[in-house]
Amino acid sequence: MKINPIPHKTLSDTAAGKLAASLLDGSLLPGTQLPPERELMNQFGISRTTLREALKSLEENSLIESRPNVGWFVRKIDESNITQAKELAGVHANRIAILATNEPVTGPRRVPVGPEKPLHIPNLQKDRLGTFEFISWWEREKVEKAKVLVVGAGALGNEVIKNLALMGVGNIFIIDFDNIEAANLSRSVLFRETDNHRSKAEVVAARAKAINPQIHVQYLDADVTTGLGLGVIRRMDAIVGCLDNREARLAVNRFCYWMDKAWVDGAIQELLGLMRVFVPGEGACYECTLTEQALRDLSLRYSCQLLARQNVLLGKVPTTPTIASIIGGIQSQEVLKLIHDMPVEAGKVVHFNGLTNHMHTTAYVPRDECESHWTYGEITELPARAERATLDDLLRIARADLGPEAIIELDQELVTSLECPSCHSFEEVLRPVSEITFEAGHCPTCGELREAQFTHMITGEEKFLHHTLAHVGIPQLHILRAHNGFEYRFYELTGDLPEALHFRHFESTVPEKEPKTGGRIRLKEEVRLVDPPTSPARDRIRIMDEEASEKVSIKSAKNRLQIKGKPDVVKLGKSSRSRVLDAETIHPKKVVKKAMISLRHKHVKVC
Ligand SMILES: [Zn+2]
Ligand SMILES: [Zn+2]
């Protein structure tokens with residue numbers, strides 16, 4: 001990995017920078033004498049030697065001049081020295097003139113209050129966020145309206161979500177596919193012993209809402225690499241990665257680049273941690289930071305995916321709650337900066353070494369040939385839903401726009417068949433590769449690992465075009481790509497919006513709105529995509545907020561399904577990983593179908 005060291009700013013650089021800024025903004029006028037050394041030393045909180053270094057660098061840049069036995073005088077700023085002044089001033093330019101105040105420069109300083117921020121005296125007895133009003137740059141409305149996606153609800157995710165909830169970040173979306181186990185309790189502030197086996201995302205969302213009932217939360221029990229619609233990312237103000245593996249980071253990185261969103265990554269191991277912000281088009285992205293070897297490993301993983309997921313999911317990294325709170329704290333602050341449109345150091349990494357308490361920043365080198373570097377163009381919002389629209393529907397829409405050559409490009413490989421190399425048994429399958437379990441990848445007859453046929457292009461020749469997008473693993477509110485070899489078009493399943501993005505979990509009312517679609521809708525007459533205006537998923541079986549006692553548990557016992565409990569609600573997980581659908585050895589499709597049938601007819605037991 002190539003990295004460029006960023007020179008550390010010394011105290012004298014900082015002092016010189018602030019003086020240069022004062023020259024530039026006119027608070028130190030040409031010809032005037034600088035304050036005495038003693039005064040400047042106090043003001044900057046630096047030693048005489050450091051101050052003299054700073055003055056010397058200003059002198060070398062022709063910004064001040066020394067008059068023997070009198071002192072330092074400000075020189076006129078003109079074409080000959082303005083560049084140097086600006087370079088020295090750097091980040092201090094456009095800030096208030098420090099010499100106008102008596103505040104020490106080393107401590108926290110108030111940034112001038114923007115004229116748009118009205119003077120407001122908060123009621124600290126009643127207003128939980130009142131003290132934040134005293135932070136000069138804090139914009140309450142921006143924080144309350146912010147939408148933040150937190151990917152991963154492990155040690156880092158717990159810290160970040162806790163912080164965001166405390167700070168009143170108004171809308172938090174949490175995605176994680178994992179369940180809580182005892183070992184998580186030692187480093188996850190939001191988990192309790194009684195949470196064992198519950199979904200991390202759900203528990204964390206509930207606790208965030210409990211910390212601050214004024215915020216809105218939503219959780220999704222799914223794998224970010226496959227289960228999150230891009231339309232969710234598209235509507236976020238910031239994305240935080242609290243992940244523990246490269247594959248998920250790479251996926252988040254690509255999604256964020258495609259949607260042109262900044263994301264904040266954090267990583268921890270033992271007492272070491274790092275934090276970095278990636279902004280599309282500004283410096284390196286996460287993929288740029290990966291070595292050739294790492295990229296090869298990942299692509300190998302993609303081509304041999306039946307075995308891959310298990311391996312990825314096994315990687316457990318030892319961490320402590322302390323490093324999680326340090327890195328999670330920095331990540332949360334970066335989110336706050338993104339919400340406020342404040343500058344962030346994109347494409348750089350902050351390393352923290354807890355053994356030495358050393359912290360340093362380095363910049364990554366962007367790679368020109370990096371595959372993540374492209375952003376979706378204009379997105380067509382369709383009133384379509386993943387569960388209703390078929391591949392054929394989408395292909396027809398794409399062909400109306402792009403001509404008969406148009407094909408759909410899927411984000412993940414679709415397994416179309418499994419064939420056993422030893423007994424040649426052949427099975428037609430139509431599942432996204434992420435849903436094929438290790439067991440399903442093996443031959444039911446002889447136990448051999450089967451060879452899979454994959455595709456990720458829908459060309460119109462397929463026999464399975466009548467299947468819905470959901471059936472082939474397209475998540476709700478996803479944005480699909482189509483192209484004709486020259487031009488891309490992007491289609492969002494905006495009909496899913498009310499269900500897929502609402503921030504209303506753990507609130508008394510979950511809105512039942514008509515699918516709202518903005519932007520232009522390119523729907524051809526012959527294509528029927530709009531759902532009847534009944535409230536969606538009414539007769540479906542869904543649980544979101546119900547009490548645990550009302551849930552149905554489905555367990556597999558020797559290829560049979562048993563359903564215990566009161567069959568009013570059951571969670572329809574998209575995969576066998578789902579919390580309630582615990583049927584690892586049975587094909588997910590079968591499980592889901594049987595569960596639906598049994599529940600519709602209110603059978604208590606299905607075998
Ligand atoms: Zn890149
Ligand atoms: Zn076989």
Side-chain angles (χ1 to χ4, degrees), residues 148-154 156-157 160 173-178 200-201 220-236 238-267 276-280 284-291 294-315 317 331 367 370-376 386 409-414 432-436 454 456 472-481 490 492 500 574-575 577:
V148 177
L149 169 67
V150 182
V151 187
L156 277 176
V160 167
F173 193 112
I174 299 152
I175 176 168
D176 195 311
F177 64 78
D178 217 356
K200 285 185 180 175
L220 184 62
D221 194 2
D223 182 345
V224 70
T225 58
T226 55
L228 184 70
L230 279 174
V232 173
I233 294 182
R234 182 184 171 212
R235 288 169 177 81
M236 293 293 141
I239 291 95
V240 203
C242 300
L243 297 158
D244 61 1
N245 68 82
R246 274 188 194 146
E247 192 192 29
R249 282 195 180 92
L250 189 61
V252 170
N253 183 67
R254 287 190 177 166
F255 299 160
C256 288
Y257 224 105
W258 294 347
M259 294 295 110
D260 197 16
K261 297 288 173 181
W263 76 284
V264 182
D265 185 32
R276 45 204 176 180
V277 186
F278 298 110
V279 182
C285 77
Y286 173 71
E287 187 167 346
C288 296
T289 73
L290 295 177
T291 58
L295 283 169
R296 265 199 303 278
D297 289 352
L298 281 167
S299 66
L300 200 68
R301 195 163 274 167
Y302 278 118
S303 61
C304 165
Q305 296 193 40
L306 292 184
L307 292 163
R309 299 209 56 78
Q310 273 77 9
N311 295 341
V312 171
L313 303 178
L314 283 177
V317 180
Q331 284 183 283
R367 283 193 301 114
C370 176
E371 282 183 31
S372 284
H373 295 193
W374 67 294
T375 299
Y376 280 16
E409 223 175 63
L410 300 175
D411 290 337
Q412 74 163 319
E413 296 284 344
L414 200 57
V433 68
S434 62
E435 290 185 19
I436 306 283
F454 298 102
H456 66 276
V472 296
I474 309 285
Q476 285 188 324
L477 197 59
H478 199 49
I479 300 170
L480 291 111
R481 300 190 293 269
F490 306 94
E492 186 185 72
K574 276 185 38 194
S575 72
R577 268 203 308 277

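Here, residue 1 is the first one in the sequence, and each next residue gets the next number. Values in this document were obtained by computation on a predicted structure and should not be read as measured data.
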So OG1 of Thr289 and CZ of Arg367: to nearest 0.5 Å the spacing works out to 8.5 Å
Rounded to the nearest 0.5 Å, what separates atom CG in Leu290 from atom SG in Cys370? 8.5 Å
Gap separating the CD1 atom of Ile479 from the CD1 atom of Ile233, nearest 0.5 angstrom: 9.0 Å
Contact summary for Leu230 and His478, nearest pair of heavy atoms: N-ND1, 3.2 Å
With rounding to the nearest 0.5 angstrom, report the CG to CG distance, Asp176 to Asp221. 7.5 Å
Closest approach of Pro432 to Leu414 (non-hydrogen atoms, all atoms of both residues): N-CD1, 3.7 Å
Closest heavy-atom contact between Leu220 and Gly227? CD2-O, 3.6 Å
Mind checking whether Phe173 and Val150 have side chains closer than 4.5 Å, heavy atoms only? no
Main-chain N/O of Gly241 paired to Gln331 side chain as donor or acceptor, under 3.5 Å: yes
Any side-chain heavy atom of Cys256 sitting closer than 4.5 Å to one from Met236? no
Side-chain contact, heavy-atom cut-off 4.5 Å: Pro475 with Leu228? no
Assign the ring pair Phe490 / Tyr376 to parallel, tilted or perpendicular, where the plane angle (0 to 90°) is split at 30° and 60°. parallel
Are Thr226 and Asp411 close enough, and set up right, to give a side chain to side chain contact (heavy atoms under 4.5 Å, CB included), and what steps lead you there? CA-CA 8 Å; Thr226 55; Asp411 290 337; over 6 Å; no
When you measure from the side chain of Asn253 to the backbone of Tyr286, do you find a donor-acceptor pair of N or O atoms at a distance under 3.5 Å? yes
Could you grab the distance from atom CZ of Phe177 to atom OG1 of Thr225, nearest 0.5 Å is fine? 7.5 Å
Can you name the closest pair of heavy atoms from Ala267 and Leu156 and give their distance? N-CD1, 4.0 Å
With distance as the sole test, does Lys261 use its side chain to make a donor-acceptor pair with the main-chain N or O of Ile239 at under 3.5 Å? no
Between Arg254 (side chain only) and Glu287 (backbone N and O only), is there a donor and an acceptor less than 3.5 Å apart? no
Would a distance-only check, ignoring hydrogens and angles, find a side-chain to backbone donor-acceptor pair under 3.5 Å from Arg249 to Gly266? yes
Does any part of the side chain of Gln476, heavy atoms only, come nearer than 4.5 Å to the side chain of Val232, both counted from C-beta? no
Please report the closest heavy-atom contact between Gln412 and Gly473, naming both atoms and the distance. NE2-O, 4.2 Å
Should we count CD of Glu409 as having more than 12 external heavy atoms under 6.0 Å? yes
Approximate separation, where rounding is to 0.5 Å, of Glu371 CD and Leu250 CG: 9.0 Å
Are the side chain of Thr375 and the backbone N or O of Trp258 linked by a donor-acceptor pair below 3.5 Å? no
Taking it one step at a time, do Ile174 and Lys200 satisfy side chain to side chain contact (heavy atoms under 4.5 Å, CB included)? CA-CA 9 Å; Ile174 299 152; Lys200 285 185 180 175; over 6 Å; no
